[in-house]
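These numbers were taken from a predicted model, which means no experiment stands behind them. These values consider heavy atoms only, across backbone and side chains, with no hydrogens, waters or symmetry-generated copies.
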Amino acid sequence: MTEQEFVEKNIRLSFEFSKYVLANPELDECIPDNAQIVFLIENDPEFNEKNRALAEKQREPGQPVVIVRIKGLAPPLVSRLIEPKLELAPGL
Amino acid sequence: MKLNAIAKLFILQLNFILTSFSFILYNFQVELKTKEFIRPITENCRIRHKHSRIKTKIIEFSVQLEILIKNKWAPVIRYDTAHGVAHRDQIHPDGTVDKTPIFCLDYGDALVFAERDLISNWRVYIDKFLKEVENK
């Protein structure tokens with residue numbers, strides 16, 4: 001994994017995490033204020049090792065850390081529509 | 001006598017209004033929840049995220065791209081809702097700020113837009129900031 005691949009993956013997770021937190025208000029309770037968020041992906045030791053190292057370098061003294069363990073990412077083109085039904089309008 | 005009755009009525013109404021206002025304010029404060037967290041991007045770069053909401057409704061937010069320069073974190077781009085309007089601040093190394101409004105009625109949409117812009121363009125913003133630091 002190149003440095004660029006690592007950064008791109010991390011920032012993608014970062015964005016998806018924000019959306020997930022916004023959609024799930026109860027998660028606010030699990031995140032102490034000013035916490036550093038660290039993502040770990042199941043079965044991706046190389047990414048996890050790099051991300052732990054990055055987090056450690058950036059961590060401020062006394063800063064709480066929240067580890068977010070992720071199984072993976074869904075395909076990027078997921079629509080927000082709920083059960084849309086398409087029908088051909090006859091005579092148009 | 002009549003004037004006294006009117007004054008009493010006025011005080012009663014004022015008391016009612018103040019009590020109602022305090023009740024609304026109390027509920028707003030109880031329901032309003034604020035959260036702030038930081039996500040590292042690279043060794044010298046991170047995103048600070050802050051939002052306040054009532055249940056799922058975003059009331060205000062701030063998302064800031066920061067760079068580590070001379071052992072101090074400096075803001076580069078900040079999206080926020082200060083002054084009641086969602087906007088982007090581009091912060092220059094000399095401290096000056098360029099403001100650009102975001103035309104989103106819903107702060108939740110504006111927040112997602114801000115996050116998406118930062119993850120897509122963070123490198124461009126950082127490079128531009130560093131060039132300005134060099135030319136300073």
Side-chain angles (χ1 to χ4, degrees), chain A residues 1-41 47-68 70 73 76-80, chain B residues 30-69 71-74 77 79 81 104 106-127:
Chain A
M1 183 187 296
T2 65
E3 193 57 29
Q4 189 172 344
E5 284 168 341
F6 165 71
V7 171
E8 291 303 322
K9 204 171 195 175
N10 201 21
I11 202 161
R12 172 64 53 191
L13 292 172
S14 167
F15 172 61
E16 294 298 334
F17 176 73
S18 274
K19 285 204 296 179
Y20 194 82
V21 168
L22 293 177
N24 297 277
E26 70 278 6
L27 285 183
D28 281 357
E29 308 296 329
C30 311
I31 306 171
D33 261 340
N34 206 35
Q36 184 190 52
I37 310 293
V38 183
F39 304 102
L40 300 180
I41 307 175
F47 173 86
N48 295 345
E49 193 180 323
K50 281 186 176 217
N51 216 12
R52 279 184 196 276
L54 169 64
E56 206 156 305
K57 275 182 189 161
Q58 257 203 25
R59 193 167 305 145
E60 290 167 0
Q63 186 179 23
V65 182
V66 173
I67 304 273
V68 182
I70 299 158
L73 277 175
L77 296 176
V78 176
S79 169
R80 293 166 62 193
Chain B
V30 166
E31 292 287 327
L32 187 73
K33 298 208 168 139
T34 300
K35 189 52 60 180
E36 181 169 359
F37 52 84
I38 292 165
R39 293 121 57 193
I41 302 174
T42 65
E43 235 175 270
N44 302 321
C45 187
R46 68 185 188 183
I47 291 175
R48 179 185 294 276
H49 171 121
K50 185 178 180 181
H51 65 253
S52 299
R53 64 174 157 199
I54 296 176
K55 293 178 181 163
T56 55
K57 181 84 179 161
I58 298 294
I59 304 300
E60 56 185 19
F61 72 81
S62 164
V63 189
Q64 185 165 285
L65 175 66
E66 297 177 345
I67 187 169
L68 188 65
I69 290 187
N71 288 326
K72 269 191 161 181
W73 287 101
I77 296 285
Y79 280 92
T81 54
C104 279
D106 183 82
Y107 280 174
D109 288 343
L111 176 49
V112 174
F113 172 85
E115 287 272 1
R116 195 184 296 277
D117 179 55
L118 290 186
I119 68 147
S120 305
N121 300 311
W122 67 276
R123 235 181 254 276
V124 177
Y125 293 137
I126 292 289
D127 287 348

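Counting non-hydrogen atoms of other residues, nucleotides and ligands closer than 6.0 Å to CD of Gln63(A) gives a total above 12. More than 12 non-hydrogen atoms from other residues, nucleotides or ligands lie less than 6.0 angstrom from CZ of Arg123(B).
The part of Arg48(B) that comes within reach of chain A is its side chain, from C-beta onward, which places non-hydrogen atoms under 4.5 angstrom from that chain. Residue Val38(A) does not touch chain B at all, counting heavy-atom pairs closer than 4.5 Å. Proximity to chain B (any heavy atom under 4.5 Å) is restricted, for Asn24(A), to the backbone atoms N, CA, C and O. Proximity to chain B (any heavy atom under 4.5 Å) is restricted, for Pro32(A), to the backbone atoms N, CA, C and O. In this structure, chain B has heavy atoms under 4.5 Å from both the backbone and the side chain of Ile11(A). Proximity to chain A (any heavy atom under 4.5 Å) is restricted, for Ile58(B), to the side chain, taken from C-beta onward. Ser120(B) does not touch chain A: none of its heavy atoms, backbone or side chain, sits under 4.5 Å away. At a 4.5 Å heavy-atom cutoff, Glu16(A) makes no contact with chain B through either its backbone or its side chain. At a 4.5 Å heavy-atom cutoff, the contact between Glu8(A) and chain B is made by side-chain atoms alone. With a 4.5 angstrom heavy-atom cutoff, Asp28(A) touches chain B via backbone and side-chain atoms both.
A donor-acceptor pair under 3.5 Å links the side-chain atoms of Asn48(A) to the main chain of Ile41(A), judged by distance alone. Between the side chain of Thr81(B) and the main chain of Phe61(B), a donor-acceptor pair closer than 3.5 Å is present.
Looking at Lys50(A) and Glu5(A), no side-chain N of the basic residue comes within less than 4.0 Å of a carboxylate O on the acidic one, giving no salt bridge. A salt bridge links Arg46(B) with Glu60(A): at least one charged nitrogen is closer than 4.0 Å to a carboxylate oxygen.
Considering CG of Leu13(A) and CG of Leu73(A), their distance stands at 5.0 Å, rounded to 0.5 Å. Atoms CD1 and CD1, on Ile126(B) and Ile67(B) in that order, are 4.0 Å from each other to the nearest 0.5 Å.
Taking Asn51(A), Val21(A), Val66(A) one by one and counting their heavy-atom pairs under 4.5 Å with chain B, the maximum is reached by Val21(A). Of the residues considered (Pro64(A), Ala55(A), Ser18(A)), Ser18(A) shows the highest number of contacts with chain B, using heavy-atom pairs under 4.5 Å. The most heavy-atom pairs under 4.5 Å with chain A, out of Arg53(B), His51(B), Glu36(B), Glu43(B), come from Arg53(B).
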- Message: Let's go through Asn10(A) and Leu54(A) carefully: what are the C-alpha distance in whole Å and the side-chain angles of both, what is the deciding distance for side-chain contact (heavy atoms from CB on, under 4.5 Å) to 0.1 Å, and is it a yes or a no?
- Response: CA-CA 11 Å; Asn10(A) 201 21; Leu54(A) 169 64; 3.7 Å; yes
